[in-house]
Amino acid sequence: METQNTTKSISRKRRKDESGPDGAADEETIPIKVSRHNQGVKKPAPFSDELEVDYSKPYRRVTMEEAKKGTPPGRPVRVYADGIFDLFHSGHARALMQAKDLFPNTYLIVGVCSDELTHNLKGFTVMNEAERYDAVQHCRYVDEVVRNAPWTLTPEFLEEHRIDFVAHDDIPYSSAGSDDVYKHIKAAGMFAPTQRTEGISTSDIITRIVRDYDVYVRRNLQRGYTAKDLNVSFINEKRFNLQERVDKVKKKVKDVEEKSKEFVQKVEEKSIDMIQKWEEKSREFIGNFLEMFGPEGAFKHMLKEGKGRMLQAISPKQSPSSSPTHERSPSPSFRWPFSAKPSPPASPGRHSRVTSATYDISEDEED
């Protein structure tokens, strides 16, 4: 089997231990490394000094126009980004993401400066170099990590790592006696600018910790760290512990106050609800009362109707006007119990006087 040639790539071959079906040994070419960003990350990015590079093949840097159009899969655009990456945070990750997405086919190389170089030229770091290397290795956008990266990029370094472009924010970075350490990179047309993430930086994080020093010391004391671990004196330790107890008491008092406010608020809400319901019931009761006993209420109509029925019941019945009139026969006489005793029979001449002395009530009068 003939060896396959690859253009402008690192070619490595391995021989299989097992033989093929025809008894001959098969020779397989290792496929070209594809971007970790596209295939998913399963392992940390390798260090540059652990990779084998074939320097016998010529290297030609691609132009910005060629990089933007897209290069062949076997020739990715090699972009370099460097930094300290202390307390690795989202601002670092966003900068590396922008560098990775500069071109359609990008191979991102990230340089991390050592402790010695950083402490001399910038200042003391929170994380040591091994921790910073490891943090950058596990960023999903990184394909390769350069340990002990130089502070100023030299032509020899760019040639050694076959770098096409350098990515960094375009704010002039004055250091090491220069007003901008990327000035010569910009002049060579190899600079690819990225944007800083506002509101987050390593200096901002350290400022927060220093500003709230007492809070974080008490926090770590509560989590089991000793005063010696935190470089705190015996007196300060007792002071922090006392302050912690005072804060707990204040918190309890505040919780009680908040619960009391909530209780009072609930009582007020219930009182308002009760008053509103009472007003509604009162209006309903008054309306029903007026509807029953008001000037035009149902009770007045009932009284009028009852009175009419009573008057109709006690008034005499009148005969129809069209019926013939008849003389009423004299009704039998009725004598009051207190009337005068009956007189003996009188003579016919006195009949009229006797009749007038009696009290007779006819049936009509009785009615």
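Looking at L230 and L221, their side chains come closer than 4.5 Å, going by heavy atoms from C-beta outward. Counting heavy atoms from C-beta outward, T118 and F124 have side chains that stay 4.5 Å or more apart. You'll find the side chain of W278 stays beyond 4.5 Å of the side chain of M274, heavy atoms only. Using a 4.5 Å heavy-atom threshold, the side chains of L96 and V142 count as touching. Within the 4.5 Å cutoff, no side-chain heavy atoms of K122 are placed close to those of L117. Residues N105 and R75 form no side-chain contact, since every pair of their non-hydrogen atoms from C-beta on lies 4.5 Å or further apart. Side-chain contact check for I200 versus T197: some heavy-atom pair is nearer than 4.5 Å. A heavy-atom distance below 4.5 Å is found between the side chains of M127 and L87.
Within a 6.0 Å radius of CG in L242, more than 12 heavy atoms belonging to other residues, nucleotides or ligands are found. Annotation for Y225: atom OH does not count as buried by contact number, only 12 or fewer foreign heavy atoms lying within 6.0 Å. Other residues, nucleotides and ligands contribute more than 12 heavy atoms inside 6.0 Å of the CG atom of D49. Taking a 6.0 Å sphere around CZ of R147, one finds it holds more than 12 heavy atoms contributed by other residues, nucleotides or ligands.
Separation of atoms CD (E131) and CD (E129) is listed at 10.5 Å; rounding is to 0.5 Å. Of the inter-residue distances, the one linking R239 atom CZ with R218 atom CZ reads 9.0 Å to the nearest 0.5 angstrom. To the nearest 0.5 Å, the span separating OH on Y213 from CZ on F240 amounts to 5.0 Å. Here the straight-line distance linking atom CD of E284 with atom CD of E279 works out to 14.0 Å at 0.5 Å rounding. Atom-to-atom distance recorded for Y216:OH and R211:CZ is 7.5 Å, nearest 0.5 angstrom. In this structure, the separation between OG1 on T202 and CD1 on I84 is 9.0 Å, given to the nearest 0.5 Å.
Judged by distance alone, the side chain of S178 and the main-chain N or O of S174 form no donor-acceptor pair under 3.5 Å. The main-chain N or O of R78 is found under 3.5 Å from a side-chain atom of D164 such that the two form a donor-acceptor pair. Remark: the backbone N or O of N128 is not paired with any side-chain donor or acceptor of T125 at under 3.5 angstrom. A donor-acceptor pair under 3.5 Å is absent between the side-chain atoms of H184 and the main chain of T154, judged by distance alone. Under a 3.5 Å cut-off, the side chain of T106 and the backbone N or O of F103 do form a donor-acceptor pair. In this structure, D169 contributes its side chain and Q195 its backbone to no donor-acceptor pair below 3.5 Å. A distance-only check finds no donor-acceptor pair linking the side chain of E144 to the backbone of P46 [under 3.5 Å].
There is no side-chain donor-acceptor pair under 3.5 Å between T194 and H168. Checking T226 against D229 by side-chain atom types alone, a donor-acceptor pair falls below 3.5 Å. Inspection of the N120 and E116 side chains reveals no N or O donor paired with an N or O acceptor under 3.5 Å. Under the 3.5 Å distance criterion, with hydrogens and angles disregarded, a donor-acceptor pair is assigned to the side chains of N148 and S114. Side-chain N/O atoms of Y182 and D82 include a donor and acceptor closer than 3.5 Å.
Cluster membership for V126 and I205, using ILVMFWY side-chain heavy atoms within less than 4.5 angstrom, is shared. Clustering ILVMFWY residues whenever any of their side-chain heavy atoms sit less than 4.5 angstrom apart, transitively, puts I235 in a cluster other than the one holding V217. Cluster membership check: V246 does not share its hydrophobic cluster with V253, using side-chain heavy-atom separations under 4.5 Å among Ile, Leu, Val, Met, Phe, Trp and Tyr.
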Query raised in the report: Can you list the steps and then say if V112 with V145 is a side chain to side chain contact (heavy atoms under 4.5 Å, CB included)?
Result: CA-CA 7 Å; V112 183; V145 177; 4.3 Å; yes
Requested in this report: Mind running side chain to side chain contact (heavy atoms under 4.5 Å, CB included) on K270 and V267 for me, showing each step along the way?
Outcome: CA-CA 5 Å; K270 289 184 178 180; V267 171; 5.8 Å; no
Query raised in the report: Going through the checks in order, is the side chain to side chain donor-acceptor pair (under 3.5 Å) test met by S233 and N236?
Result: CA-CA 5 Å; S233 66; N236 286 335; 3.1 Å; yes
Query raised in the report: Could you go step by step and tell me if E269 and Q265 meet the side chain to side chain contact (heavy atoms under 4.5 Å, CB included) rule?
Result: CA-CA 6 Å; E269 291 176 356; Q265 186 176 1; 3.7 Å; yes
Report task. List the steps, then state whether salt bridge (Lys or Arg N to Asp or Glu O under 4.0 Å) holds for K266 with E262. Result -> CA-CA 6 Å; K266 289 180 180 179; E262 291 178 359; 5.4 Å; no
**Report entry** Trace of the side chain to side chain contact (heavy atoms under 4.5 Å, CB included) decision for V110 with D143
**Finding:** CA-CA 8 Å; V110 179; D143 296 303; over 6 Å; no
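Under the ring pair (Phe, Tyr, Trp, His ring centres under 6.0 Å) criterion, the residue pairs touching residues 52-102 are Y80-F157, F85-H92, F88-H92, H89-H92, with sequence neighbours excluded.
Geometrically, R61 engages F165 in a cation-pi contact defined by less than 6.0 Å to the ring centre and at most 45° from the axis. Cation-pi geometry between K100 and Y141 is not met: the NZ or CZ atom fails to fall both under 6.0 Å from the ring centre and inside 45° of the normal.
The shortest non-hydrogen separation linking V77 to A67 is CG2-CB, 3.7 Å. Across K186 and D170, no two heavy atoms sit closer than the pair NZ-O, 3.5 Å. Contact record, E244 with Q222: CG-NE2, 3.3 Å, taken as the closest heavy-atom pair. Of all heavy-atom pairs spanning V79 and L102, the tightest one is CG1-CD1, 4.1 Å. Closest of all the heavy-atom pairs between E237 and A227 is OE1-CB, 3.5 Å. Looking at every heavy atom in both residues, D54 comes nearest to R162 through O-NH2, 3.3 Å.
Look at E257 and K261 and you find no salt bridge, because none of the NZ, NE, NH1 or NH2 atoms lies under 4.0 Å from a carboxylate O. Between R60 and E66 there is a salt bridge, with a side-chain nitrogen of the basic residue lying less than 4.0 Å from a carboxylate oxygen of the acidic one.
The one candidate from K250, K252, E258 that meets the side chain to side chain contact (heavy atoms under 4.5 Å, CB included) condition with K254 is E258.
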